[in-house]
Every structure is written in C-alpha cells, then in structure tokens.
Amino acid sequence: ALTRVPDPKMQIWHYRLLTGWSRRPKVLDDLVGDAEALKFIVDHLLETHLCRYSVVIGHNISMLRSQALLTCPGHISTICEAYRQLGPGTSLHRGDEKQRRLVRRLLLASVRNC
C-alpha cells in the first residue's frame, strides 16, 4: 500500500510509522507474508531517502523472521550491496557519519542473523 502513496513526504511519514511498529511480531508476520511489501523494503535499502528506515525494518525481520530473507532470491545480495555502498567516504541522506556507521552495522548484523 505504501507504493501507492504519491507524495514523498507522506511516504516517509508512513514508512517511519511502519518502522516503529516493526518491532511487533504480528506486524513482522504481515510484512513477511506479503512478498510485495518485503521486496519494497529490501529494494529501498539502496535508496538514500528511505534507506535508514528499511535497514531497521530489515534488521527486525532478520532477528525474528530470517527465513523470509533467506528464501526469497536476491534479498541477501541486496543487503550486501547496500552494505558495500555505505562504505567509508560515502554519506546518507543528510550526510551524518554516525548514522552511516550505525546503518552499516545494522546491515552487517542482518546478514549475521540470517
């Protein structure tokens, strides 16, 4: 449903809300059960404006429902690619170095959890 929100600011607002709720097992079950939603989350790891939220949701999925990331082709490789893209010398949306390192650590932890 988030893909149908036309305004980027509203999309970020909804995505932030989903990020907060992604700590709940029922919400994770809903996300993992919807292949389109899971693909949306993983694909947005490579975009700068939704990356940090996708990383948190992806990390929560890897902690409790890692099988979904393993069984879908390309999801682990996308997580690894996002990790590579956030190497030293790169920046996120607002150029915050601490946030870049935190996001990178969460990506690595997501791969380790799987």
Side-chain angles (χ1 to χ4, degrees):
L2 195 59
T3 57
R4 288 177 256 155
V5 177
D7 183 24
K9 287 186 180 185
M10 286 303 291
Q11 196 175 39
I12 289 173
W13 186 86
H14 285 299
Y15 210 54
R16 286 179 64 192
L17 186 67
L18 178 64
T19 302
W21 280 90
S22 71
R23 288 177 262 154
R24 298 177 180 262
K26 180 166 178 7
V27 173
L28 288 178
D29 288 338
D30 291 343
L31 289 173
V32 169
D34 184 2
E36 184 182 333
L38 189 59
K39 183 171 175 22
F40 181 85
I41 292 165
V42 173
D43 288 346
H44 278 79
L45 289 171
L46 302 175
E47 292 189 13
T48 57
H49 71 288
L50 292 178
C51 172
R52 57 187 173 187
Y53 306 115
S54 289
V55 167
V56 172
I57 296 170
H59 180 261
N60 290 342
I61 290 172
S62 75
M63 292 290 293
L64 299 172
R65 307 289 185 267
S66 62
Q67 193 64 28
L69 294 173
L70 292 172
T71 56
C72 295
H75 285 353
I76 296 296
S77 58
T78 303
I79 293 171
C80 292
E81 179 61 29
Y83 179 81
R84 275 189 230 99
Q85 286 183 5
L86 290 172
T90 60
S91 64
L92 277 173
H93 182 59
R94 296 201 174 133
D96 186 8
E97 178 64 18
K98 288 181 185 178
Q99 189 175 63
R100 183 199 63 82
R101 288 194 315 245
L102 175 66
V103 165
R104 199 159 189 240
R105 272 183 287 207
L106 285 174
L107 286 166
L108 185 59
S110 298
V111 172
R112 287 181 182 161
N113 291 338
C114 291

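Atoms considered below: every heavy atom in the structure, side chains included; atoms not considered: hydrogens, waters and symmetry mates.
- Taking Lys26 as the reference, Asp30 meet the salt bridge (Lys or Arg N to Asp or Glu O under 4.0 Å) condition, with sequence neighbours excluded.
- Under the side-chain contact (heavy atoms from CB on, under 4.5 Å) criterion, Val27 pairs with Leu18, Trp21, Arg24, Leu31, not counting sequence neighbours.
- With sequence neighbours excluded, the residues forming a side-chain contact (heavy atoms from CB on, under 4.5 Å) with Tyr83 are Arg104, Leu107, Leu108, listed by chain and number.
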**OP:** Check the pair Thr90 / Gln85 against side-chain contact (heavy atoms from CB on, under 4.5 Å), numbers first and verdict last.
**Re:** CA-CA 7 Å; Thr90 60; Gln85 286 183 5; over 6 Å; no
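- The distance from atom CG of Leu64 to atom NE2 of His59, rounded to the nearest 0.5 Å, is 9.5 Å.
- Not a single salt bridge (Lys or Arg N to Asp or Glu O under 4.0 Å) links Arg105 to another residue, sequence neighbours left out.
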**OP:** Please test Leu38 against Leu69 for side-chain contact (heavy atoms from CB on, under 4.5 Å), starting from the C-alpha separation and ending with a verdict.
**Re:** CA-CA 8 Å; Leu38 189 59; Leu69 294 173; 4.2 Å; yes
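- The structure places CG of Leu106 at 11.5 Å from CD1 of Ile79, a figure rounded to the nearest 0.5 Å.
- Looking at Arg52, its side chain never comes within 3.5 Å of a backbone N or O of Val103 through a donor-acceptor pair.
- The side-chain hydrogen bond (donor to acceptor under 3.5 Å, both in side chains) analysis of residues 65-75, with sequence neighbours excluded, yields the pairs Asp29-Arg65.
- A continuous path of Ile, Leu, Val, Met, Phe, Trp and Tyr side chains, each step under 4.5 Å between heavy atoms, connects Ile76 with Met63, placing both in one hydrophobic cluster.
- The shortest heavy-atom contact between Ser77 and Gly74 is OG-O, 2.9 Å.
- Residues meeting the side-chain hydrogen bond (donor to acceptor under 3.5 Å, both in side chains) test with Ser54, sequence neighbours left out: Tyr15.
- Counting only residues at least two apart or on different chains, the salt bridge (charged side-chain N to carboxylate O under 4.0 Å, His left out) pairs with a member in residues 39-50 are Lys39-Asp43.
- For the pair His44 (side chain) and Phe40 (backbone), a donor-acceptor distance under 3.5 Å is present.
- Hydrophobic clustering, with ILVMFWY side chains joined whenever heavy atoms are under 4.5 angstrom apart, keeps Leu46 apart from Leu50.
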Original post:
side-chain contact (heavy atoms from CB on, under 4.5 Å) between Leu86 and Cys51: does it pass, once the steps are laid out?
Top reply: CA-CA 10 Å; Leu86 290 172; Cys51 172; 4.2 Å; yes
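- Between Thr78 atom OG1 and Ile41 atom CD1 the span is 13.0 Å, to the nearest 0.5 Å.
- Under the 4.5 Å side-chain contact rule for hydrophobic residues, Leu17 and Val55 share a cluster.
- For residues 55-64, no residue pair satisfies the salt bridge (charged side-chain N to carboxylate O under 4.0 Å, His left out) rule, not counting sequence neighbours.
- Rounded to the nearest 0.5 Å, atoms OG (Ser62) and CD1 (Ile57) are 12.0 Å apart.
- Of the options Lys9, Arg16, His14, Met10, a side-chain contact (heavy atoms from CB on, under 4.5 Å) to Ile12 is made by Arg16 and by none of the others.
- Considering only residues two or more places apart in sequence or on other chains, Glu81 meets the salt bridge (Lys or Arg N to Asp or Glu O under 4.0 Å) condition with Arg84.
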